[in-house]
Amino acid sequence: MGQTSSKPSSSPFQNSQLFFKNPSNDQHTPPRPSIFSPLRPPVAKPSNFIPLFNDCISAASSRTQEYLLFKDPEDKFYPSPEVLTQVFLMTYISQSISLNITDSFNCTAMTPEQRILLGADWVWAVLQKPTKNPQIQIAVLVLHLHDKEEAEDDGMPPNASSESVQIAQKESSNKSMYERMVDFCSSIGKDCYALFLFLGKKSDKGNIYGVLSNNFEAAIGKCDQIDRAFIENFFKGSKYLYTPSGMMQAIVAKKEGDSLTLMIKFS
Amino acid sequence: MDLYGKMAATQDAKGKGEGGDQNFDYMFKLLIIGNSSVGKTSFLFRYADDAFTSAFVSTVGIDFKVKTVYKNDKRIKLQIWDTAGQERYRTITTAYYRGAMGFILMYDITNEESFGAVQDWSTQIKTYSWDNAQVVLAGNKCDMEEERVVSVDNGRLLAEQLGFEFFETSAKDNVNVKQTFERLVDLICDKMSESLDSDPAVTTGAPTAKLTDSAPPLQQPGCNC
């Protein structure tokens, strides 16, 4: 699977504070803007979206955790898995807009039909300039701790009742959401990654983890099927968990055509 | 049984089957293809939802909408597939060409490159679809006359060379959007009737009325902007 085992070197992007350091000490940094410049969010450059991406993930993870850890004293009420996905995505999108990174790194939420056809909840993309065409993509499928797993396996979102959603299901029969997302990514190539995002694991219900790879298709044929158990198995052999910015740094630094598989802790 | 025979057999779908509204006489699968940013998604949104937004959101992979139209008292359900134009999605999008009865091949009249790619898209249709698929060539964004780089005549000429019908369209101003789809449906119905005439055995329940009983209205292919 091309799994990496070495701990990455410390990334200059891992501390978002570095992005805002005083430029007077750095000869390679553009001149400091005039104090008369209008106040606006920092404009993201092609390679410096990573600390801002990290900030967006931090906000989304923190907000989601508030609900992930919610416990009704009477044990009758709990947020639906779909709501947790929506909270994460809404917070991420809002934050990415306010930090102005969408010109270099965007997030496209899938329509209900696309979610079934492609197996992803949303797709992140590093954009080329000036075309804004995707250069690197990360397709994300959220996995929840409680229930709905059977529905996900069937490609049936919780509120799947519309006609078009049912047509999409017919088109996608015989394959699970996991397999569809892996197929989608492998059809694009090594610059498209599948990220399975766990909102809580059995061993740690209050945190958010992920398994990312551009090489899941290698598992097809070697194992019976790609399912939650198969993906969770990656954590058993991992000694190192990447940070979100570390993950992004590894993706950006990867040589074209190489395989990359990482485990990440998002919260 | 050829594809049109199978299509005709969808008449039996009324009230049967699992999932979705099965209450239709025919189901046509249509694809919109063409270079990135020519306006395929906007075109579909205008037709299906009568909506338009100028914000450009690149389509990821593929998506679709369903719309039901009526022709000679027959309900025709259109599955309209919106494809991403970027090369990186080509493997995914061409997988959906199979079984498509009609294509809207779109270029942008303000983008020479998108017009130059029409021939390649036509080859893609021939490669991945079937011989009887019907194609309409659409020169979109005809509201942007001041930025035009592809003339109407060149568009029409290329359509004739390729054997396609032709319209200039504007999703923004809602010009020839409905007409393009209606013409494509007419072409498919014509072809389907031909197929049924030549081999009535292809379907067990022959249509009670031909979909081409009344001639389609003449269309104005040029942009009225």
Side-chain angles (χ1 to χ4, degrees), chain A residues 93 97 102-103 106-128 130-140 154-156 160-173 175 180-192 217, chain B residues 10 13 16-24 27-31 35-38 41 44-45 48-49 51 55-68 75 77-100 108 111 113-114 128:
Chain A
I93 290 172
I97 291 168
T102 52
D103 281 347
N106 78 347
C107 177
T108 305
M110 297 292 95
T111 64
E113 293 82 8
Q114 281 181 309
R115 184 169 179 249
I116 294 167
L117 294 168
L118 307 178
D121 288 305
W122 67 84
V123 176
W124 279 317
V126 179
L127 303 178
Q128 280 177 329
T131 62
K132 290 195 178 181
N133 285 336
Q135 188 174 14
I136 299 168
Q137 285 173 297
I138 304 170
V140 183
D154 294 340
M156 186 78 159
S161 56
S162 78
E163 179 185 12
S164 57
V165 164
Q166 292 180 36
I167 289 172
Q169 283 181 286
K170 279 187 179 176
E171 287 283 332
S172 308
S173 57
K175 288 198 171 177
R180 273 174 253 157
M181 189 164 80
V182 170
D183 283 352
F184 167 58
C185 294
S186 62
S187 75
I188 292 174
K190 291 291 183 193
D191 55 358
C192 184
E217 71 275 10
Chain B
T10 61
K16 293 181 183 177
E18 292 176 5
D21 175 13
Q22 297 290 319
N23 198 14
F24 59 86
M27 169 87 85
F28 292 171
K29 179 180 176 182
L30 313 179
L31 260 76
N35 272 18
S36 178
S37 80
V38 298
T41 303
L44 177 54
F45 267 70
D49 301 336
F56 174 63
V57 179
S58 180
T59 301
V60 174
I62 193 147
D63 202 359
F64 75 97
K65 282 182 178 287
V66 176
K67 186 175 170 84
T68 302
R75 277 158 297 197
K77 186 157 286 187
L78 305 179
Q79 256 183 45
I80 310 168
W81 292 79
D82 175 26
T83 62
Q86 289 157 15
E87 180 69 34
R88 66 193 281 113
Y89 298 115
R90 204 53 49 84
T91 305
I92 299 168
T93 54
T94 52
Y96 287 88
Y97 283 35
R98 196 165 57 103
D108 171 0
N111 184 325
E113 192 181 339
S114 71
Y128 296 103

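All chains are named by letter (A, B, ...) in the order of the sequence lines, taking the proteins before the strands, and each is independently numbered beginning at 1.
- For the set A139(A), G189(A), S164(A), C192(A), the entry with the most heavy-atom pairs within less than 4.5 Å of chain B is S164(A).
- Residues S187(A) and T91(B) approach most closely at O-OG1, 3.6 Å, considering heavy atoms.
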**Message:** If you apply the rule side chain to side chain contact (heavy atoms under 4.5 Å, CB included), what do you find for E171(A) with W81(B), and how did you get there?
**Reply:** CA-CA 12 Å; E171(A) 287 283 332; W81(B) 292 79; 3.7 Å; yes

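- For S36(B), the part lying near chain A is the side chain, with the backbone staying farther off; criterion is any non-hydrogen pair under 4.5 Å.
- For CD of E113(B), the number of neighbouring non-hydrogen atoms (other residues, nucleotides, ligands) closer than 6.0 Å is 12 at most.
- At distances below 3.5 Å, at least one donor-acceptor pair connects side-chain atoms of Q114(A) with backbone N or O atoms of V60(B).
- Listed options K65(B), R88(B), Q86(B) were ranked by heavy-atom pairs under 4.5 angstrom with chain A; first place goes to R88(B).
- For chain A, no part of F56(B) is nearby; none of its heavy atoms comes within less than 4.5 Å.
- Contact of the P134(A) side chain with the Y89(B) side chain is registered, since non-hydrogen atoms from C-beta on lie closer than 4.5 Å.
- Within the 4.5 angstrom heavy-atom criterion, only side-chain atoms of Q79(B), from C-beta onward, approach chain A.
- Taking 4.5 Å as the limit, some side-chain heavy atom of Y96(B) sits within range of a side-chain heavy atom of L117(A).
- For chain B, no part of A125(A) is nearby; none of its heavy atoms comes within less than 4.5 Å.
- The contact between T108(A) and chain B is made entirely by side chain atoms (from C-beta outward), counting heavy-atom distances below 4.5 Å.
- Q137(A) touches chain B through backbone and side chain together, each having a heavy atom under 4.5 Å away.
- For I188(A), the parts lying near chain B are the backbone and the side chain together; criterion is any non-hydrogen pair under 4.5 Å.
- The parts of D191(A) that come within reach of chain B are both its backbone and its side chain, each placing non-hydrogen atoms under 4.5 angstrom from that chain.
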